[in-house]
Amino acid sequence: MNHAEALRAEIARAARTLGAPDDIAPVIERPRDVTHGDWATNVAMTLAKSLGQKPRDLANALLAAMQFDSVGVASAEVAGPGFINFRLDPGFLARGLLPMLADPESWGKLDIGHGARVVVEFVSANPTGPLHVGHGRQAALGDAISTLLEWSGWKVDREFYYNDAGVQIANLALSTQARVRESVGDPVEIPEGGYHGEYIREIAQGYIANHIADAGGEDLDALREFAVAALRHEQDLDLQAFGVKFDTYYLESSLYTDGRVDKTVEALRASGHTFEEDGALFLRTTTFGDDKDRVMKKSAAKGGDYTYFVPDVAYHVTKWERGYHRAINVQGADHHSTITRVRAGLRALSMGIPEGYPDYVLHQMVTVMKGGEEMKISKRAGSYVTVRDLIDEVGRDAVRFFYLMRRGDSQLVFDIDLARSQSEENPVYYVQMAHARMCGIFRVGEIDASTITAQGVDLSVLSEPAEVELIKQLLDFPSVVRGAAEQLEPHRVAAWLMETARTAHTWYHKHHVLGEPEAITQARLVLARAAQIGLSSGLRLLGLSSPERM
RNA sequence: GCGCCAGUAGCUCAGGUGGAUAGAGCGGCAGCCUUCUAAGCUGCGGGUCGGGGGUUCGAGUCCCUCCUGGCGCGCCA
């Protein structure tokens, strides 16, 4: 139990002696204004009505009923309409740092998942082109969400779903074929809905070099296979450059070859939730909250194919059957209409899959500005900025941080020129610099930071305001991780990092560690070590490096 | 027309699941390197939290409504 939980428990105990219900869960929070103390509670105001007392009177009674010593409270007072402000003993507060020094690796980790399995699906780009900046946002977001879940006790698998079947792949093969033929002098005929990017030309060259017998590009199967393999390889390189690793790759095509799509359609038919109209097969998704029923299988006149959401349903059945009773999909907001459809399909199957399965984390669109103009992202037209372009421009850490420092549901404008010109002013350097400075203390002092313990050190000398602020900030980390994991919002960790870096820089500037009286130096080395651990923990959680010098 | 997401300082955005006088970065201005990294620190200026109602001790946060922007609403994926 940390000091905040201990304080909350003591407030609850005192409140019960005054007649509060047994299940009372007092809220404590860090006041914005430091003159309001280290912690504040509004419990007297929330209880006032039910106990029939004035908030301030109740607050005073609570104070009288509380035992301060056991929870490290040095002083407390009633303020405003009925807040109770608590001031903690500095030494007591600082001792909260002990666990992180004893075990830096596990600091900030919790067990709310109890080892249950969860699959996080993200990126899932069609193998029809390199990864663009929108995929980059997903890669950063999905990877960070996965790590957050790991830190909070879940057994996480990162999964990439390859849409390697269907119309777009056929167009890819035809586009490649056109470029192959172009190279032997035939006129170029990029098909309707085909891909015009320069990379198709490169793939065509590769195909020609590897398929001497098919110089005319007649073998469409071979073309498709070659192009998909080449683009998957490209995407792998992009992800590698970004430092994202997947545990599983699931191929849409396998859903067809192993009969799962047909099986799913049969099951849906048997469920009674389908009907035929105009020669097409429909799923009655309106039964499950959709605003219109959706076609599952096109009419013969339109080709008789399944629409995209049928394999999607089959795919999510495999997630459930593979033992993932929690699934999270990270997708662009332009896919939000699929949510209702996929969930409707899963519920129509009556397999016991719950209503909210799978979870979706939608992120808003990324727009790219270059030279003051918006660049339209279009794989088909071949104009876009790739993830690798960004990494080459500003570096992996900066790109990741840039993606993660804002909430997923705000639109992101990626200004290429700005990212380049600000590469030295990017907030990520600010955070990493704070870490490097802590490392610098140990380097100059010729001290192995990992040997620092609080054994025999009087931490009560860490009483300067800048020190108390830094300690409190560091102690916040576990609850930030918890909130970020529960809400699937990695940007909270980024915000915590920037705030922690700020307090660390201020402390570093105001107070010297080395060369002070022995007792001061010893205590401050403990704090420097704690800040080093804290910053590198947050950076690690977001997939960023923690340089020891810059 | 319907659904989802947004609208907070000049710009880009934070504001745990209602709390006290709404914050940061960038940009602007003025200072700080003989001591652990100046990729830093300190100070100043900057606000109708899109508009209007409501809920309550208290609203940037919750409810209603309107305005603006983005994304969806295919027998496309």
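In the text below, chain A, chain B and the rest are named by the order of the sequence lines, each starting its count at 1.
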5' priority, RNA chain B, between Ser337(A) and Lys302(A) [closest heavy atom]: Ser337(A)

Residues Tyr161(A), Tyr249(A); criterion ring-ring contact (aromatic ring centres under 6.0 Å, His included); working and verdict: CA-CA 6 Å; Tyr161(A) 178 59; Tyr249(A) 293 86; over 10 Å; no

Centroid-centroid distance, Tyr250(A) to Tyr162(A), less than 6.0 Å: no

Touch class at under 4.0 angstrom, heavy-atom based, for Val444(A) against every strand present: sugar-phosphate

Crowding at CZ, Arg443(A) (>12 non-hydrogen neighbours, <6.0 Å): yes

Nearest-Å distance once atom P is located in both G52(B) and G60(B): 13 Å

Whole-Å gap separating C1' (A24(B)) and CG (Leu497(A)): 14 Å

Main-chain N/O of Leu251(A) paired with Asp164(A) side-chain donor or acceptor, under 3.5 Å: no

Sugar-phosphate, base or nothing in reach of Ala301(A), heavy atoms under 4.0 Å: nothing

Aromatic ring proximity Phe160(A)/Phe122(A), centre distance under 6.0 Å: no

Sugar-phosphate, base or nothing in reach of Ala484(A), heavy atoms under 4.0 Å: nothing

Under 4.0 angstrom between Lys54(A) side-chain N/O and C57(B) OP1 or OP2: no

Residues Arg341(A) and Tyr308(A): side-chain donor-acceptor under 3.5 angstrom: yes

Sugar-phosphate, base or nothing in reach of Tyr508(A), heavy atoms under 4.0 Å: base

C2(B) - base-pair partner by Watson-Crick or wobble geometry, distances under 3.5 Å: G72(B)

Using atom names, set out every protein N or O paired with an N or O of nucleotides 11-14 of chain B below 3.5 Å, distance rounded to 0.1 Å.
{"from": "U12(B)", "atom 1": "O3'", "to": "Arg406(A)", "atom 2": "NH2", "distance (Å)": "3.3"}
{"from": "U12(B)", "atom 1": "O2'", "to": "Arg406(A)", "atom 2": "NH2", "distance (Å)": "2.5"}
{"from": "C13(B)", "atom 1": "OP1", "to": "Gln411(A)", "atom 2": "O", "distance (Å)": "3.2"}
{"from": "C13(B)", "atom 1": "O5'", "to": "Arg406(A)", "atom 2": "NH2", "distance (Å)": "3.1"}
{"from": "A14(B)", "atom 1": "OP1", "to": "Arg407(A)", "atom 2": "N", "distance (Å)": "2.8"}
{"from": "A14(B)", "atom 1": "OP1", "to": "Ser410(A)", "atom 2": "OG", "distance (Å)": "3.3"}

Centroid distance under 5.5 Å and plane angle under 30°, His336(A) vs C71(B): no

Can you pull every protein N or O that's under 3.5 Å from an N or O on nucleotides 41-43 of chain B?
{"from": "C41(B)", "atom 1": "OP1", "to": "Tyr430(A)", "atom 2": "OH", "distance (Å)": "2.6"}
{"from": "C41(B)", "atom 1": "O2'", "to": "His509(A)", "atom 2": "ND1", "distance (Å)": "2.8"}
{"from": "U42(B)", "atom 1": "OP1", "to": "Thr506(A)", "atom 2": "OG1", "distance (Å)": "3.3"}

Base of A77(B) and ring of Tyr308(A) stacked, centres under 5.5 Å, planes under 30°: no

Output field: ring centroids Phe288(A)/His273(A) closer than 6.0 Å: yes

Touch class at under 4.0 angstrom, heavy-atom based, for Gln487(A) against every strand present: base

Residue mapping more 5' on RNA chain B - nearest nucleotide basis, Asn85(A) or Arg294(A): Asn85(A)

Watson-Crick/G-U partner (both atom distances under 3.5 Å) of C29(B): G43(B)

Trp151(A) side chain reached by Leu541(A) side chain, heavy atoms, under 4.5 Å: yes

Sugar-phosphate only, base, or nothing, as touched by Gln331(A) at under 4.0 Å among non-hydrogen atoms: nothing

Aromatic ring proximity His335(A)/Tyr360(A), centre distance under 6.0 Å: no

Interatomic distance where CG belongs to Asp476(A) and P belongs to G15(B) [whole Å]: 14 Å

